[in-house]
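Below: one structure, written as structure tokens.
What you see is a predicted model, and the numbers here were worked out from it, not measured in a lab.
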Amino acid sequence: MRAAPTILHLDMDAFYASVEQASKPSLRGKAVIVGGLGPRGVVATASYEARRFGVHSAMPMGQARRLCPNGAYLIPRFTLYRQVSDIVMAMLRELSPLVEPLSLDEAFVDLEAGGVAFDSDSARATGERLRADIRAATGLSGSVGLAGSKMLAKVASEEAKPAGLLLIEPGTERELLAPMSVRTLPGVGPATGEHLRRAGITTVGELAEAGEDELVRMVGRAHGAGLYRMALGLDDRPVVAERDAKSVSVEDTFDVDLHDRVRIRGEVQRLADRCVQRLRGSGHSGRTIVLKVRRYDFSTLTRSETLRGPTDDPAVVREAAARLLEAVDTTGGVRLLGVGVTGLADYTQEDLFAQSSAAEAEAEAEAEHEDDGAGGESGPGNAGGGAEAEAAGGGTGPSEGQERPREPQEAPERRWTAGSDVRHVLYGPGWVQGSGVGRVTVRFERPGSEPGRVRTFRVDDPDLEPSDPLPLVGDLS
């Protein structure tokens, strides 16, 4: 514990939903729910307007729609969230070399290590300045907690929400914590909270009064001793600037259980490629490939394979994931698939066998492409050429000098997901409000503008294209 409140905890307010409201002027002040939009989707973040209806993160999306039927339900746009997060984290690193990010929207900062605060007055001034700078740079609000320990700084930022600042003076910790629910403390989840409630302990003050011996008897030595220290406001953990990633993974939950083994293999391959992209983006490689399969009955199977050395080769990860899948029974259906890499390192050891296999597969694909006689560039639906073109009914070469006419093919209907960015040749940037029955409804507006007009187009309108998100402030062209 420090003698001055120089540990700062920043937590952006309803981050994903707030970004959407700032990006979409027509949603300001309205209930916004961000998450998976399918029947098995869950809420990632809900705006404060939506929380008044009882909607909260991790809630099934179906339940959220029942509680808040008139809310705006949008897909997450992680590219934009990361861009905004990078701006905020850069501002924190200007304050101190010791910044410990916990997520895209949350971090601890050691103000004393940065030389910007040594007492309560300077810490408060730094916190207020940070909140104003974040608002100016992103248009968003963040809540700030200041205290002599990480635990108390996090408690303070939660109490300050939304858009506030709370400083806990050293020496006042127990008085502040005493009336709070035991669920306020880190590590006290629903199960532990219920166990304590049955013992008549519902507040942090009652937790402290129970004493360490009683808490050890109730929840075990390690957890009991830790709970007692937290109830007294004691926490000596330092702010750690670099938190080493332990794993990188991606997963998808499917709206309808997958039964087709070929489709399942294809999804695993796609997840493996996404995992490698994220792995390379973090500057890591890894030795252990992990496959996660959640079946129709909610049973979850995890299989892993450790390689000879670390890799970030997509061919290696795909092959390993495919081998792991062969050992899993998917007969009853699959509702979730995931691929991950653990045992991370910041270098790679090339797998020559995998490289050889990949090169061989490439050569075979080329040969097949030539044998099929697919001349010229493949069309929009046949980017892979060769076998894909043949399967689609086109791409076979001329026979006996005669060019065989291609059969007309219907282009696949474009999908427009609620919340995604688009740009129209005439109307400029906008976002999808909804789509169905061959139509897509778009609201044309941009960050900082007045609420825009809504227009409806055919889903295949050539003048309407997907677009990258616009920055929340600054150059919006």
More than 12 heavy atoms from other groups under 6.0 Å of CD on E450: no

Do S285 and T311 have side-chain heavy atoms sitting under 4.5 Å apart? no

Salt-bridged, E194 to R198, with N to O below 4.0 Å? yes

Assess the residue pair R2 and D110 against the criterion (salt bridge (charged side-chain N to carboxylate O under 4.0 Å, His left out)); give the C-alpha distance rounded to whole Å, side-chain angles, the decisive distance to 0.1 Å, and a yes or no. CA-CA 11 Å; R2 298 186 178 185; D110 187 332; 2.5 Å; yes

Y228 side-chain N/O to G224 backbone N/O, donor-acceptor pair under 3.5 Å: no

Charged N to carboxylate O under 4.0 angstrom, R265 versus E326? yes

So do F15 and E106 actually touch side chain to side chain, heavy atoms under 4.5 Å? no

Which value, rounded to the nearest 0.5 Å, describes the distance between H223 atom NE2 and L215 atom CG? 9.5 Å

V328 side chain reached by R303 side chain, heavy atoms, under 4.5 Å: yes

Check the pair E445 / R453 against salt bridge (charged side-chain N to carboxylate O under 4.0 Å, His left out), numbers first and verdict last. CA-CA 7 Å; E445 58 188 4; R453 292 189 61 181; over 6 Å; no

R335 NZ/CZ over F298 ring centroid, <6.0 Å and within 45° of normal: yes

Where the side chain of T138 meets the backbone of I134, is there a donor-acceptor pair that is under 3.5 Å apart? yes

Angle between ring planes, F78 versus Y16, binned at 30° and 60°: parallel, tilted or perpendicular? perpendicular

Out of curiosity, L167 CG to R124 CZ, how far, rounded to the nearest 0.5 Å? 5.0 Å

Report yes if the side chains of K292 and T300 come closer than 4.5 Å at any heavy-atom pair, otherwise no. yes

Smallest separation among heavy atoms of V341 and C275, with atom names: CG2-SG, 3.8 Å

Could you tell me whether D255 and R40 make a salt bridge, using a distance below 4.0 angstrom between a side-chain N and a carboxylate O? no

Interatomic distance, M91 atom CE to D133 atom CG [nearest 0.5 angstrom]: 4.5 Å

Using side-chain heavy atoms (C-beta onward) and a distance below 4.5 Å, is L291 in contact with T302? no

Considering only NZ, NE, NH1 and NH2 on the basic side and carboxylate oxygens on the acidic side, decide whether D252 and R274 come within less than 4.0 Å. yes

Does the R318 side chain pair with the main chain of D273, one donor and one acceptor, at a distance under 3.5 Å? no

Pairwise distance CG(L166) to CG(L176) - rounded to 0.5 angstrom: 6.5 Å

Strictly distance-based, threshold 3.5 Å: is any side-chain N or O of R174 a donor or acceptor partner for the main-chain N or O of G233? no

So do the side chains of L472 and V19 get within less than 4.5 Å of each other, counting heavy atoms only? yes

Distance col, row R323:CZ vs I289:CD1, nearest 0.5 angstrom, shows 9.0 Å

SB check E251 R294 (cutoff 4.0 Å): no

Is R229 salt-bridged to D235, cutoff N-O under 4.0 Å? no

Considering non-hydrogen atoms only, spot the tightest contact between G419 and L74 and give its length. CA-CD2, 3.6 Å

Within 6.0 Å of CZ in R237, more than 12 heavy atoms from elsewhere: yes

Are R263 and E267 ion-paired here, with the side-chain N under 4.0 Å from a carboxylate O? yes

Side-chain contact, heavy-atom cut-off 4.5 Å: I201 with M218? yes

Distance check, rounded to the nearest 0.5 Å: S143 atom OG versus L165 atom CG? 8.5 Å

